[in-house]
Amino acid sequence: NAGVTQTPKFRILKIGQSMTLQCTQDMNHNYMYWYRQDPGMGLKLIYYSVGAGITDKGEVPNGYNVSRSTTEDFPLRLELAAPSQTSVYFCASLFAPGQATNQPQHFGDGTRLSIL
Amino acid sequence: GESVGLHLPTLSVQEGDNSIINCAYSNSASDYFIWYKQESGKGPQFIIDIRSNMDKRQGQRVTVLLNKTVKHLSLQIAATQPGDSAVYFCAERVRGGYNKLIFGAGTRLAVHP
C-alpha cells in the first residue's frame, strides 16, 4: 500500500490563480481530512469527509472547497489564491466504523504552496 | 509545548538521555489523545496514543502519561537517539466530533551527540 499520496509536492501560484491539491489513499479509509500548517504552528482543519458524497467544514474553511466523489480521492480546491493561503497542506485518512474510533489518522507528506 | 508563533519551543538533550515533552490540551471533553512526530519535509507520523480512561501507556522506548485533572499530556522518550530529532505534536479528539483532531503547536526535540 502506498498510504496517503499528495500531489504536487511543491507549487508557486500568483495571486488570483486557482489550483487543486490532490489527495488519494489506497487503504479503503472512509474518513478523510485536509489540514494546513503555517510556519511554527500546529495543524488546523480545513475540511473533512466521512464518506463519498459527504463533506463538512473544519476550523478554517474560507477560501477552499472540497469534493469526495470516490472513497479514494479527496481533492482540495483554491479558487482565488491569496498570500494568506501560503502554507503546507496535509491530507489524512482514517478507517472509522463509527464517530469515535480509537485509531490515529494517517498523513501524506504534504504540498508546499507559496502564493506571490 | 505552548504556542509561541514562529518560534517553536525547543528541547535540547544529549544522546542517550531521557526526553520529556509536555502538552497542555484544551478540552475536558476530549476522549482520545495522540502523539505525532514530524520530520523536516514530511507529514506527521504516529508514535503512540492513549484513551481518556487510561493514565499511562507504554510503547517501544516511549511512554505517554495523561493527567486529566490538569489537562496535561506528556511524552517520554527513553535513551534518546539522533533519529528522534523532530517536531513532536500532541493531538486531542473531542468526543462526538467525527474523529476530528485538535493539534498543539508542537515542540522541537534536538538531540546532540
Side-chain angles (χ1 to χ4, degrees), chain A residues 2-7 9-10 21 23 25 27 29-51 54-61 68 87-112, chain B residues 1-10 21 23-27 29-54 57 59 64 66 73 86-108:
Chain A
V4 179
T5 302
Q6 293 185 238
T7 57
K9 294 191 185 303
F10 304 94
L21 283 67
C23 174
Q25 51 87 13
M27 299 175 283
H29 286 176
N30 51 342
Y31 282 52
M32 296 187 76
Y33 306 84
W34 273 107
Y35 295 89
R36 60 177 286 172
Q37 183 179 32
D38 297 327
M41 304 292 285
L43 283 70
K44 293 189 177 180
L45 183 65
I46 305 171
Y47 269 95
Y48 69 101
S49 169
V50 303
I54 306 170
T55 63
D56 206 349
K57 296 176 180 178
E59 181 185 0
V60 290
R68 184 95 182 270
S87 192
V88 182
Y89 291 84
F90 290 101
C91 179
S93 72
L94 167 70
F95 178 71
Q99 278 199 36
T101 296
N102 296 327
Q103 292 290 332
Q105 294 177 16
H106 298 259
F107 284 82
D109 282 337
T111 294
R112 283 143 189 84
Chain B
E2 298 295 328
S3 171
V4 288
L6 289 175
H7 303 287
L8 283 174
T10 298
I21 300 171
C23 176
Y25 65 91
S26 60
N27 199 316
S30 295
D31 62 355
Y32 177 60
F33 304 87
I34 308 171
W35 279 100
Y36 283 97
K37 173 185 180 182
Q38 187 178 28
E39 297 173 304
S40 181
K42 297 287 189 181
Q45 176 186 0
F46 168 76
I47 303 173
I48 193 168
D49 57 3
I50 189 168
R51 299 192 304 267
S52 60
N53 61 353
M54 305 170 70
R57 191 168 188 215
V64 54
L66 175 63
L73 200 64
V87 177
Y88 289 80
F89 293 96
C90 65
E92 60 184 296
R93 182 190 71 196
V94 179
R95 189 180 297 118
Y98 294 102
N99 298 292
K100 292 181 288 184
L101 297 177
I102 301 170
F103 281 81
T107 297
R108 185 179 306 280

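Scope of the values below: all heavy atoms of this structure, side chains included, with no hydrogens, waters or symmetry mates. Since we're looking at a predicted model, the values are computed, not measured. Letters A, B, ... are given to chains in the order of the sequence lines, protein chains preceding strands, and every chain is numbered from 1.
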(message) Counting heavy-atom pairs under 4.5 Å with chain B, which one of A:Val4, A:Val88, A:Leu43, A:Asp38 comes out on top?
(response) A:Leu43
(request) Could you tell me which non-hydrogen atom of A:Arg112 sits nearest to which non-hydrogen atom of B:Lys42, and how far apart they are? (result) NH2-N, 3.7 Å
(message) Could you check whether any side-chain heavy atom of A:Asn102 comes within less than 4.5 Å of a side-chain heavy atom of B:Asp49, counting everything from C-beta outward?
(response) no
(message) If I take atom CZ from residue B:Phe103 and atom CD from residue A:Glu59, how far apart are they, to the nearest 0.5 angstrom?
(response) 11.5 Å
(message) Show, in sequence, the C-alpha distance, side-chain angles and deciding distance for A:Tyr33 and B:Lys100, and conclude whether the side chain to side chain contact (heavy atoms under 4.5 Å, CB included) test is met.
(response) CA-CA 8 Å; A:Tyr33 306 84; B:Lys100 292 181 288 184; 4.2 Å; yes
(request) Check A:Leu94 against B:Asn99 and note the closest heavy-atom contact, atom names and distance. (result) CD2-CB, 3.5 Å
(request) Pick one of side chain, backbone, both or neither for B:Ile102, based on which atoms fall under 4.5 Å of a heavy atom in chain A. (result) neither
(message) Minimum heavy-atom separation for B:Tyr36 and A:Gln105, please, with both atom names.
(response) OH-O, 2.8 Å
(message) Testing the basics here: between B:Tyr32 and A:Pro104, what is the closest heavy-atom pair and its distance to 0.1 Å?
(response) OH-N, 3.4 Å
(message) With rounding to the nearest 0.5 angstrom, report the OH to CG distance, B:Tyr98 to A:Leu45.
(response) 13.5 Å
(request) Measure B:Gln38 against the heavy atoms of chain A and call it side chain, backbone, both or neither at under 4.5 Å. (result) side chain
(request) Taking all heavy atoms of B:Pro44 and all of A:Phe107, pick out the closest pair and write down the distance. (result) O-CB, 3.5 Å
(message) Whether the side chain of B:Arg108 engages the backbone of A:Gly40 through a donor-acceptor N/O pair (distance < 3.5 Å, no angle test) should be reported.
(response) no
